[in-house]
Amino acid sequence: MPESIPQLPASFYAEIENLSDSEIATTALWPFVEGSLTREELQTIVSETLSFPTPVKHIYGDVHVLELFHGPTMAFKDVGARFMSRCLSHFVEKGSETTVLVATSGDTGSAVAHGFANVEGIKVKILFPKGKVSPFQEYQMTSLGGNIQALEVDGTFDDCQALVKQAFSDSNLNEQVQLSSANSINVARFLPQMTYYFLAYKQLKKTLSGKKLIVSVPSGNFGNLTAGLIAKRMGLPIHQFVAANNSNDTFYQYLTTGHYTPKKSVATYSNAMDVGAPSNFERIEFLYDKNLASIKSDILGFTFTNKQTLDEIQQIYNLHEYVLDPHGAVGHAGLKAHLQENEVGLFLETAHPKKFESVVKQALPSYPIHDVNLKGCSKISMNNSYAEFVNHILTP
Ligand SMILES: *Cc1c(COP(=O)(O)O)cnc(C)c1O
């Protein structure tokens, strides 16, 4: 967690529409890296990270979408993964080696794999739950080879996450290898995600004309939402956030009952949000001094079933000819459930529908399915066993 969160000057927000995207992102991230990177180094990392657009599009009425799927693996995680990989390779000492461990429910693994492919001095071990990622995601994780190794675990995403967390707290292991995390517990991955909230505001500012901005974030591990909360702390005029959950509604239950009760994740159509114990929960608590009332005044929660997800995809397509992916569908449903007069709504479309085409096809039978060829891809199968995992970490 950053030690402090600076306010950006009012002049920055007053003139944001005249600044380039890379200037905006550099200005937002600078206070957090000052002293570790030069402004030029940050600028370079930022331009390499945001080498694709993050457009806001109008869908209907006061509802807009922020499309975060224009990166190489077609999900918003490209932003964090690219920023983090470039930071890590900047800091890795010449001649040494760092092993990056990452647990994924699908999109993190592919974004991290592509972010780190062929980066010198870095090996990546990706853990994904067997049979619970889409063929397209599996292809993206297992087709690179080289320094990227995919481990298919006979278990759930939470099992994968638990194995990775155990490795980080294993002092014996940490004496033998230099480990780094690539999940949104890594500050270099979750923090750069705040940049597109600023870029969205730049695009929407004129449209707001006195109305309040509500941003709905389809959430799993809550890294994306936490980055948005930090942007708000820095003065970005977002009135409230909607945390949109699928049936893995630990956070929604927390908002409703005041009790945080992690549970086992269940498989849903929006599988990148199948998280029963969101790893950024503690960050949110910390931001609000564990005060439930203030958390609730900034974040509204909703939860949606698979059926509601499909209905949402169908409806938005039938009414507005916009194809949602299942995560964006949950995000839109959350926005719709809350949005009031005098508010402008923005929801995050976190992945391209093509990544989840078999789900989209259930809602829109005419949606094309692309054949994914996993031939030539490589993965290693393992049990949900820490001892086995350590062996894989220690084998070159
Ligand atoms: C990871 C992911 C999410 C959830 O983001 P968190 O930061 O984990 O809350 C939502 N949608 C898609 C497509 C994702 O890949």
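What's counted below: heavy atoms across the whole structure, side chains too, no hydrogens, waters or symmetry copies. Just so you know, ligand 1 is whichever comes first in the structure, and atom 1 is the first atom listed for that ligand.
Salt-bridge formation is detected for the pair Lys355/Asp107: a Lys NZ or Arg NE/NH1/NH2 atom is positioned less than 4.0 Å from an Asp or Glu carboxylate oxygen. Taking the charged nitrogens against the carboxylate oxygens, Glu17 and Lys205 do have a contact shorter than 4.0 Å, which makes a salt bridge.
Of all the atoms in ligand 1, the ones that sit under 4.0 Å from a non-hydrogen atom of Met273 are 10 (C). Close contacts of ligand 1 with Gly223, meaning ligand atoms under 4.0 Å from a residue heavy atom, involve 6 (P), 7 (O), 9 (O). Remark: ligand 1 atoms within the under-4.0 Å shell around heavy atoms of Pro218 are 4 (C), 10 (C).
Annotation for Phe281: atom CZ counts as buried by contact number, over 12 foreign heavy atoms lying within 6.0 Å. For Phe302, the CZ atom is densely surrounded, since the number of other residues' heavy atoms within 6.0 Å is greater than 12. More than 12 heavy-atom neighbours from other residues, nucleotides or ligands sit within 6.0 angstrom of NZ on Lys336.
Residue, atom and distance of the protein heavy atom nearest to atom 7 (O) of ligand 1 are Asn224 N, 2.9 Å. Scanning the protein heavy atoms around atom 8 (O) of ligand 1, the nearest turns out to be Asn221 N, 2.8 Å. Residue, atom and distance of the protein heavy atom nearest to atom 11 (N) of ligand 1 are Thr350 OG1, 2.7 Å.
Using bins of under 30°, 30° to 60° and over 60° for the plane-to-plane angle, the ring pair Phe222/Phe251 lands in the tilted bin. Note: His58 and His64 have tilted aromatic rings, judged against thresholds of 30 and 60 degrees for the angle between ring planes.
Considering backbone and side-chain N/O of Asp325, none are found under 3.5 Å from N/O of ligand 1. Residue contacts with ligand 1: Phe76 is placed with no nitrogen or oxygen under 3.5 Å of a nitrogen or oxygen of the ligand (distance criterion only). For the pair His327 and ligand 1, the shortest N or O to N or O distance does not fall below 3.5 Å. Some N or O of Asp107 is nearer than 3.5 Å to an N or O of ligand 1, by distance alone. Taking any N or O of Gln193, backbone or side chain, none lies under 3.5 Å from an N or O belonging to ligand 1. The N/O atoms of Gly220, backbone and side chain alike, include one that comes under 3.5 Å of an N/O atom in ligand 1.
Arg233 forms a cation-pi arrangement with Tyr288, by the criterion of a distance under 6.0 Å to the ring centre and an angle within 45° of the ring axis.
Between the side chains of Glu41 and Thr44, no donor N or O sits under 3.5 Å from an acceptor N or O.
For the residues His352, Gln137, Met74, Lys77, the heavy atom positioned nearest atom 14 (C) of ligand 1 is part of Lys77.
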